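Okay, so here's the structure we're looking at.
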Amino acid sequence: MDLRYEAYCFADRLFYDVQSPVETAQDDFSRVLPAVDGGWVQVEKNIWRHLHPKGVRLPKQGWKVHVSATVLNAAEVLLKSHTYLVDKRIPFKYLRTRSIVLARNSKYAPREASGKLMTIYPADERQLESVLSELSELLRGQPGPYVLSDLRYGAGPLFVRYGGFVEQWIERDGKRVLAIEGPDGDLVPDQRKPTFATPEWVPLPACLEPHLAARGAGDAESFPYRVLRSLHFSNGGGVYLARRKSDDVELVLKEARPHAGLDRENTDAVARLDREHTILTRLAGVPGIPAAHERFGAWEHEFFSMDLVRGIPLGQWLGRHYPLTHSEVDEAKVAEYAERAVRLIGQVERILDAVHGRDVVFGDLHPLNVLVDTDDDGNDSVSLIDFELASGIEEDRRPTLGAPGFQAPPDRRGFEVDEHALAALRLYVFLPLNAVVELSPAKLRSHVGFVRRRFDLPEEYCAAIERGLSAAAHAPTPLDEPEPDWSVVRKSIAAAILSSATPDRTDRLFPGDVEQFEVGGACFAYGAAGVLHALDAAGQGRFPEHERWLVESVRREPPKEAGFFTGAHGVIHVLDRFGHEELAAKLVEDYRPLVATTSDHGLNSGLSGIGLNLLHLAQRRDAGQRNEPGYAEQALELGERLAVALEGAPPPGDKARAGLLHGWSGPALLFTRLHQRTGEPRWLELAERALERDLAECMTALDGSTQVRDGNFRTLPYVDIGSAGIALALNELVRVAPGTRLAGRLSELVGSCTGEFVIHPALTLGRAGLLATLAHSGGSREAVDRHLAALAWHAIPHGEGTAFPGIQLRRLSMDLATGAAGVLLAIACAVDGVPVLPFLTSPDPTGSVASPRD
């Protein structure tokens, strides 16, 4: 689970967003801080407020200081630090509001960012030493969470690490990561792990040596347990498998970090640890509940141990047995699964009844807290774990945290909280889209109707779901019609997208994935460029006001990188398409130096996406009989660089990367297009080799289809990283060179796209991408129509239109990669034969596509 999404759920009920200054005016630390004079530049960026003294120049990277604080003392710590730093004219940034401090220290916030109230940027090691010694005196005795990524200075709230002072990005393992310059000047990842480490070429300053020695001085010998491995981490602490030294018994050890893992009432992980130990003691002897043992403290953290419960989380059990993810569904397996899942839920209900019999409210029933152990005969036994939110019925308290899709609404009290979660669990084991129902309660009736029909469930079972979850009035979308009118569907999606636009904002035009707050709101994948492209390509029109926003955005804050989906070239593509040719041409030239230093090969942010766009620009200028300023030659140069990179490509690793956006399928598509441009057979051979490199990351999935391997058990069928992305590139090669030796692999890749259940509706990582791949590559009409119909599972009424949830399903998204714009393009692809992405040809007219009702 990507924990970044939690921090972007605080600001808005419907969209991932940052808290704006207007919304948090009463909460803003600027109310307690003195104003800076004209010798300072003050800039707000997302959750941070940056202050930089004019005339002070900093290096790109160095030793930075983090100041930690709790929600309660943050204003005092900030005021003292702010006064000192302004007086010394040292650059710094700080979190804008108390509520942001709470969010950054919440239980599910990223651990490596926890505790950081301020970041200070000393100019050199001499200034680093003075800041640490002087500021530590000013802040003596102030508590704050431990910053796990840093080295603590003394016993106070100051922490230090080496890292970047300016944003530089590279791509690693399919993700954009912040970077620093290595000793040879090349960019390398700026490691931000929850453990302190320095780059191997950076010596530790002398002023930090005693503090590093103190860090390692803890007495491991006196710790009563030997940790065998970690089981789970959150911002509040870890859960470990350990062996008790006194008797060699294997137990589970739970850890809590002071001042961290906060809930919305500012309760920290230590308080919840105490509560769990008390509740488990009260539940001693209840079958299916682990027994609690000793409670103790060590190394500033708190611990207690409990019995080891065997089994896997219910979500993992579902992943192994749920029949609707298979490429071909066996109806006998569906019936068998339904009986097994109903029995399993019955066990959960019996344990919950026993817990209630001890007058305890569990308060946190969800799939991660239900463990299923299956014996050799296939019999399942259930246990419940994680009682840190539990309470006695006499306390009359509501849980202050909760899992999306399982947390009870505000009107539920006492045992009703657990009854709501049990009803949610009943639905989850048959259609695990509970977050969609939480986002839009009106979806409940249609979801229950589906599981009733598909699994032939008892009427009482389904009625229990609706009673427990209080079904709201059904609000149908055009996709809920038995035979949708696709022209109406497309208009409805476009209406939702347009109604969400915020042209008065400068950071983003359309709400989308959290990535837009990192790469900018203009980009193709997550920003305005991709949305405007989708609206136009799907026949929903051009919008001059929004195009002006895109132009002004690029001029105001140019993209940070050159790549297509997350950088400048995706914006260039759309600007050129919309007639802003001079600006597009200028941006191509402006980004040539950055292209020269780009080493990533992918279509997402690397050389293949840039090369494909340069070829596209060359062809547009050829067609218009205009002077083509060397775009084709630049594309050929990038092709040569990629050919060299392919020669030295490392063998497949454990972490999946193969696919259209991050794997070698992107370069394969460029090589195919270079062959078409030049007629040289060499480019076809390179395309085959690039695809073979991605195919080497594939394996036979549990359902017998060919998918990209991700670790030991997980396989991926998606466009971004997955077999669908390889299929799209291979399909383009087969069209150009039908005799390619890889032609026979296409059908097995396309076969991975037919699963009935898909967790996300997204284009790059969900159903829309599988739908588009089937349409492009001649998939069966039955599979295409099934995907089109199942889009209704995620379709949510929004304004006068239809929207879709983004990644993690917790908020709506309108962008191309993860939201409504991508779904719109996939429908246009399947129904109208529109290419789903730039650089792809139209879907195969001989393949099976859905019949439009226009």
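Predicted model, so just to flag it, every value in this text is computed and none were measured.
Inspection of the His787 and Arg767 side chains reveals an N or O donor paired with an N or O acceptor under 3.5 Å. Checking Ser780 against Glu782 by side-chain atom types alone, no donor-acceptor pair falls below 3.5 Å. Defined by atom type and a distance below 3.5 Å, a donor-acceptor pair is missing between the side-chain atoms of Asp504 and Thr502.
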- Item | Chi angles and distances behind the side chain to side chain contact (heavy atoms under 4.5 Å, CB included) call for Leu535, Leu498 | CA-CA 9 Å; Leu535 289 168; Leu498 294 169; 4.0 Å; yes
- Task: Start with the C-alpha distance between Val18 and Asp507, add both sets of side-chain angles, then the distance that settles side chain to side chain contact (heavy atoms under 4.5 Å, CB included), and finish with yes or no.
- Result: CA-CA 10 Å; Val18 293; Asp507 59 338; 4.3 Å; yes
- Task: Check step by step if side chain to side chain contact (heavy atoms under 4.5 Å, CB included) holds for Leu439 and Arg810.
- Result: CA-CA 7 Å; Leu439 190 58; Arg810 300 194 55 188; over 6 Å; no
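Without hydrogens or angle criteria, Lys443 side chain to Glu438 main chain gives no donor-acceptor distance under 3.5 Å. Judged by distance alone, with hydrogens and angles left aside, the side-chain atoms of Ser777 form a donor-acceptor pair with the main-chain N or O of Thr773 at under 3.5 Å. Although no hydrogens or angles enter the test, the distance criterion places a donor-acceptor pair under 3.5 Å between the side chain of Thr754 and the main chain of Ser327. Counting only distance, with no hydrogens or angles, the side chain of Thr672 and the backbone of Ala668 share a donor-acceptor pair below 3.5 Å.
Listed by first and then second residue, the salt bridge (Lys or Arg N to Asp or Glu O under 4.0 Å) pairs that reach into residues 546-557 are Arg542-Glu547, sequence neighbours excluded. Residue pairs meeting the salt bridge (Lys or Arg N to Asp or Glu O under 4.0 Å) criterion with at least one partner in residues 558-568, sequence neighbours excluded, are Glu167-Lys560, Arg176-Glu561.
Heavy-atom minimum distance, Val836 versus Leu840: CG1-CD1, 3.9 Å. Shown here for Leu479 and Pro484, the closest heavy-atom pair between the two residues is O-CG, 4.0 Å. Residues His794 and Val758 share a closest heavy-atom pair of CE1-O, 3.6 Å.
Between Leu825 atom CG and His533 atom NE2 the span is 5.0 Å, to the nearest 0.5 Å. Taking CD1 of Ile493 as the reference point, atom CG of Leu791 lies at 7.5 Å (rounded to 0.5 Å). Rounded to the nearest 0.5 angstrom, Leu14 CG and Arg811 CZ are separated by 7.5 Å. Once rounded to the nearest 0.5 Å, the distance linking NE2 of His798 with OG of Ser440 reads 11.5 Å.
No more than 12 heavy atoms of other residues, nucleotides or ligands shown are found within 6.0 angstrom of CD on Glu582.
Across Phe15, Phe517, Tyr16, a single residue satisfies ring-ring contact (aromatic ring centres under 6.0 Å, His included) together with Tyr8, and that is Phe517.
His573 and Phe839 have their aromatic ring centers within a separation under 6.0 angstrom.
In this structure, the side chains of Leu733 and Leu730 come closer than 4.5 Å at one or more pairs of heavy atoms.
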